[in-house]
Amino acid sequence: MVRIEILNQGGFRSDGRRQFELRDMTIDLSQQGQADGSAVVTHGLTHVLVSVFGPREAKMRSQTIHDRANINVEVGVAAFSTGDRRKRARGDKRILELAATIKSTFEPVVQTNLYPRSQIDIFVQVLQQDGGLLQACINATTLALVNAGIPLLDFVCAVTGGVHSTSPLLDLTLLEENDVPNVTVAVMPKTGKATLVTMETRLHVDRFEEIFRLAADAGKVIHGEMKSAVRSRTSELVTVMGSGPRASGGDLVDKDGDDRMNGY
Amino acid sequence: MLSLSKAEKSYVQAGLLASPPSRADGRALLDFRSVALETGVAPLANGSARLSIGRNPHDGGGGTEVVAATKLEVESIDEDGEGRDSGRIACTVSCSPSAYPHLSSSALDDIQADLTSLLHQTLSHSSLHPRNLTILKSKKSWLLNLDVLVLSDAGNILDALFMASRAALWDTRVPRTRGVEYEAPSRKDTGKGREDMDVDEDEHENTQKQSGFDTRRLPKATDFELPDYWDEGEVLDGRERWPVAITLNLVSYSDTVIMSIAEANFSLQESPTHFLDATAQEEAASPLKLFLAFSFHDAQATVLQGMRMLGSGELTPSHLKELIKACTFLSAVGENYARELFVALNAKLKDEDVRRTQKARERFELHR
């Protein structure tokens, strides 16, 4: 019987990564269907597609809130996303829980007060799962919201962390998630505040602080990736739209006294 | 699914019935939008394909997009179970809410159920059943699950579903299995007292037990194993037979105007205009669609695997026959469109096979 080591003598994990190494992350911000904003994010072998529609008129009047927008999250998991095929109905409890978690993560971040009585729909589609599902969903949702042009207070970057005996690990695969106590942390990198911390396993209290800090730092690394992806997508669009120096001879870069904005 | 006002409907219909006919994107009546196909998109599945019709090549948006994947599960054949000796096929279609953003979840479920029943009834027919889904006769067989996920719908979803299903089934590899029989250790063995496990059912170590005159060879395999092999398995049997679907959207002059009964009776004599690959707007403007699924078994035999009339229009039987069967080789009808689609799809699937095996190997050699 083959026993796969979570962390071997040389400091390598089962998929060849080091302890604090994150998986390969790819971000695709091209348009999907008729969505206002969409993003496909992969963390290693976990692929998630998120489409955002909105802000638009609510489908059901009863769900509208008089002073802010209603955020509606629906998650669909493809039957072929895992190793063994399992058809999950849309009302599955685990999926509803995932959707509710994503909604509560983004409620304080999206500036909903700008769009009263309207609805923002976030449709998450999981195409392939290999651990870190909530992390991938949150990262993809952030990017899709940014892509849709919905005002946010900040990016939300999520990462999973775990502890294998006393060694902390980051960005766990499915194999590691099943074996090791793990926590998912979502942070807003500008302020460093955590907007989601969720753990379903048991972890010793002494280990928690270390892994929490590490995950928060890893969130900042992911933020770097997301920012550069958004930048390159925007510069592509600007190039395609043919924006350049205006005929009136204005400056290429609009410099005003707003340091914080220009530094972004 | 899209709701159009009467003015928009009549605008679209007038364009289609004009001579020369004009469509919003400048296509001819029989032109398809560009179709993109990729196989092997879900590595955890036994076969998969992603197909998009009319996807904008510059930014990748819009269009109808569908992902199909097949997964094989082992099923036991019991009296109360659902397993059958020759295996089973089950098809499911699920629609992402992003494909139909204006629909409530109950309407979405309705659409899912419609598409699932159409796909399942057509593909699970016994004439298309692959013959290599048995593992152990009367004990274990494969259940082939075909899951199709609709990511976005910009018209012509049925053609896309069937094309993607055919591609995923073409790509499916059935793992090779080998029957295994357990034999109790014999007393006459050497002092080591070894047990015979994992004996191939064709070899019998204890030939003394069986008389030389006994010509019966009953399969006694009770379990199976997956031998190590360099590929994923053998291809699904009968993969040439999977059907190709074509949807003919029908518009006739009587749909555009209100006429007296005499005029209506007269206009029934003229055959309706048909066009292919409707966008969502055009679909909403054509009151009747004829869905045909053709299977091209060999070079000669063409079989109509399934047919549906969708919508609220009407069609006389003679017009129906004209639209289905090719009376002459050059007549433009459903069967010929399906054949062209079939040829094009096969060419692409062969391309994909080459890309994933031969070319991948060449690329690998370059990097080494």
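Chain letters run A, B, ... following the sequence lines, proteins first, then strands; residues in each count from 1. Computed from heavy atoms alone, side chains included, the values below leave out hydrogens, waters and symmetry copies.
- With a 4.5 Å cut-off on non-hydrogen atoms, B:Thr92 touches chain A through its side chain but not through its backbone.
- Using a distance-only test at 3.5 Å, with no hydrogens or angles considered, no donor-acceptor pair links the side chain of A:Lys59 to the main chain of B:His102.
- Contact annotation for A:Leu49: only side-chain heavy atoms (C-beta onward) come within less than 4.5 Å of a heavy atom of chain B.
- When all heavy atoms of A:Phe80 and B:Val67 are compared, the pair lying nearest together is CZ-CG1, 3.6 Å.
- Here the straight-line distance linking atom OG of B:Ser105 with atom CG of A:Asn72 works out to 9.0 Å at 0.5 Å rounding.
- Within a 6.0 Å radius of CZ in B:Arg23, other residues, nucleotides and ligands contribute more than 12 heavy atoms.
- With a 4.5 angstrom heavy-atom cutoff, B:Asp109 touches chain A only via side-chain atoms.
- Nearest heavy-atom pair across B:Leu151 and A:Gln125 is CD2-CG, 4.1 Å.
- Contacts between A:Leu29 and chain B at a heavy-atom distance below 4.5 Å are absent for every atom of the residue.
- More than 12 heavy atoms of other shown residues, nucleotides or ligands fall within 6.0 angstrom of atom CG in A:Asp67.
- Heavy atoms closer than 4.5 Å to chain A are found nowhere in B:Leu72, neither backbone nor side chain.
- Separation of atoms CZ (A:Arg86) and NZ (B:Lys71) is listed at 11.5 Å; rounding is to 0.5 Å.
- In this structure, A:Arg85 CZ and B:Thr70 OG1 are separated by 11.0 Å, a value rounded to the nearest 0.5 Å.
- Around CZ of B:Phe224, the count of heavy atoms belonging to other residues, nucleotides or ligands within 6.0 Å exceeds 12.
- In this structure, the portion of A:Asp84 lying under 4.5 Å from any heavy atom of chain B is its backbone and not its side chain.
- The shortest distance between side-chain heavy atoms of B:Val41 and A:Leu127 does not fall below 4.5 Å.
- Contact of A:Thr82 with chain B is made through the backbone alone, with heavy-atom distances under 4.5 Å.
- A search for salt bridge (charged side-chain N to carboxylate O under 4.0 Å, His left out) contacts involving A:Glu21 returns nothing, not counting sequence neighbours.
- Only the side chain of A:Ser51 comes within contact range of chain B, with heavy atoms under 4.5 Å apart.
- With sequence neighbours excluded, the residues satisfying salt bridge (charged side-chain N to carboxylate O under 4.0 Å, His left out) with B:Asp25 are B:Arg27.
- Top candidate by heavy-atom pairs under 4.5 Å with chain A, chosen from B:Pro101, B:Ser94, B:Gly62, is B:Pro101.
- Within the 4.5 Å cutoff, side-chain heavy atoms of B:Pro43 are placed close to those of A:Gln128.
- Between A:Ser81 and B:Leu44, the closest heavy-atom pair is O-CD1, 3.4 Å.
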